[in-house]
Amino acid sequence: FPVTITKWFNGTGGTGGACSAAGGVPGAADNATFDGASGGGTVTVDTNFSITTLTFGQFTGGINFGSSTPTIQNVSGTGNGTRTISLGTAVLNITGPTQTVWNFTTTTNLTFVPQQSTIIFTGVGTGARTFNSTGLTYNHVYVSPTSSSPKPFNFTGNNTYTSLNFGANARSIDLTNTQTTTTLNISSATLVSPNFMGSAAGTATISSAAVSTSYWMIQNLTKNNGTLTCTNCWDGGGNNSGVSITPPSSGVVRIVTGK
């Protein structure tokens, strides 16, 4: 059954004072939490909103993002509540500049429905950012900082995507486990330093069709189901497979590794 939320409160289960933001809903500086005391049913998002964090790992209901375009610094769905998350055709802008910006480490009792959604990590890193996800399937995921972002963006867990996209400002992509995607897009780096893809320790695996790019340092990366061809790139230690690297005659590059 649908749920209509007309007012948010500062405490769990409707305790505490009502949210003071316009319309009684959270604002850009607020944190929104659905927990075990939030009731059941499906909450359908029918407005665009901007908040700091969204947490729903213990929620015992559903959230349907519909066609919304929310802006959120950090999303956490990790937990064991019997919950269903439907992303619809939403475009989620995730702006957190550091720490774990997407957390689905524990997916017990989770039904995750990506539908035709797009998740864009637009934050410019002030520190390392992490995408923690355990065995989920996504539609389109972009790491596309709004300006040059040399701090690492870390992927953990084995996940599947319709498309996985690294924008030109994503200058350090650190991978763990296996990321399987129908389409892989890696923007060619500008000639700046450092630019890194792969893993700082261990080996990461990307499975996708063949793809070409330029100006990266690639380290500890296994590329399956099609070669990663990198022109004017550096080999960060020789522990790569399924990767064809042509070094630059001079200059510096970006970095992509397996963790």
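Computed from a predicted structure; not experimentally measured.
By the criterion of side-chain heavy atoms lying less than 4.5 angstrom apart, applied directly or through intervening Ile, Leu, Val, Met, Phe, Trp or Tyr residues, V124 is not grouped with F166; the two fall into different hydrophobic clusters. The hydrophobic clustering, which links ILVMFWY residues whose side-chain heavy atoms are closer than 4.5 Å, places L136 and V113 apart. When the side chains of ILVMFWY residues are joined at heavy-atom separations under 4.5 Å, either directly or via intervening members, V141 and V211 end up in a single hydrophobic cluster.
Residues F56 and I63 have side chains in contact (heavy-atom distance under 4.5 Å, counting atoms from C-beta outward). The closest side-chain heavy-atom distance from F59 to T33 is not below 4.5 Å. With a 4.5 Å cut-off on side-chain heavy atoms, T213 and L228 count as touching. Here the side chains of L164 and N159 are not in contact, with every heavy-atom distance at 4.5 Å or above. Proximity of I218 to K223: side-chain heavy atoms (C-beta onward) are nowhere separated by under 4.5 Å. Using a 4.5 Å heavy-atom threshold, the side chains of I206 and L221 count as touching. The shortest side-chain heavy-atom distance between R129 and P145 falls under the 4.5 Å cut-off. Looking at T42 and T84, their side chains never come closer than 4.5 Å, going by heavy atoms from C-beta outward.
Here OH of Y161 is found 9.0 Å from CD1 of I119. Values are rounded to the nearest 0.5 Å. Residue F104 holds its CZ atom at 7.5 Å from OG of S133, rounded to the nearest 0.5 Å. Between the CG atom of L175 and the CZ atom of F153 there is a distance of 10.5 Å, given to the nearest 0.5 Å. Remark: N165 CG to L184 CG distance equals 8.0 Å, nearest 0.5 Å. Between atom CD1 of residue I85 and atom CZ of residue F112 there is a gap of 8.0 Å, rounded to the nearest 0.5 Å. Taken to the nearest 0.5 Å, the CG atom of N154 stands 6.5 Å off from the OG1 atom of T176.
Proximity of a side-chain donor or acceptor of Q115 to a complementary backbone N or O of G88 within less than 3.5 Å is detected. Checking side-chain atoms of N139 against main-chain N and O of T162 turns up no donor-acceptor pair under 3.5 Å. Formation of a donor-acceptor pair under 3.5 Å by the T95 side chain with backbone atoms of T122 is not found in this model. Between the side chain of T181 and the backbone N or O of T183 there is at least one donor-acceptor pair closer than 3.5 Å. Side chain of T60 to main chain of G81: no donor-acceptor pair is present (N/O by atom type, distance under 3.5 Å, no hydrogens or angles). In terms of modelled atom types and a separation under 3.5 Å, the side chain of N109 and the main chain of N80 share a donor-acceptor contact. Between the side chain of N225 and the main chain of A209, no donor-acceptor pair closer than 3.5 Å is present. Between the side chain of T160 and the backbone N or O of Q179 there is no donor-acceptor pair closer than 3.5 Å.
Taking a 4.5 Å side-chain heavy-atom cut-off between Ile, Leu, Val, Met, Phe, Trp and Tyr, the cluster of V91 extends to I120, Y142.
With sequence neighbours excluded, no residue satisfies ring-ring contact (aromatic ring centres under 6.0 Å, His included) with F65. Applying the side-chain contact (heavy atoms from CB on, under 4.5 Å) rule to T98 yields the partners T126; only residues at least two apart in sequence or on another chain are considered.
Contact record, S214 with C230: CA-SG, 4.2 Å, taken as the closest heavy-atom pair. Heavy-atom minimum distance, H140 versus S163: ND1-OG, 2.7 Å. Minimum interatomic distance between L92 and A90 (heavy atoms only, all atoms of both residues): CD1-CB, 3.5 Å. A pairwise comparison of heavy atoms in W216 and A170 identifies CH2-O, 3.1 Å as the closest pair.
Atom CD of Q116 has 12 or fewer neighbouring heavy atoms from other residues, nucleotides or ligands inside a 6.0 Å radius.
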Inset, instruction - Test side chain to side chain contact (heavy atoms under 4.5 Å, CB included) on T69 and N93 and set out the steps. - result: CA-CA 7 Å; T69 307; N93 295 292; 3.5 Å; yes
Inset, instruction - Run the numbers on T53 and N31 for side chain to side chain donor-acceptor pair (under 3.5 Å), then give the verdict. - result: CA-CA 5 Å; T53 65; N31 304 315; 2.9 Å; yes
Inset, instruction - Would you please test T222 and S241 for side chain to side chain donor-acceptor pair (under 3.5 Å) and show each step? - result: CA-CA 5 Å; T222 296; S241 175; 4.9 Å; no
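None of N103, T134, N132, T105 except one satisfies the side chain to side chain donor-acceptor pair (under 3.5 Å) rule with T156; the exception is N132.
D46 and T44 are not linked by any side-chain donor-acceptor pair at a separation below 3.5 angstrom, with hydrogens and angles left out of the test.
Less than 6.0 angstrom separates the ring centroid of F131 from the ring centroid of Y138.
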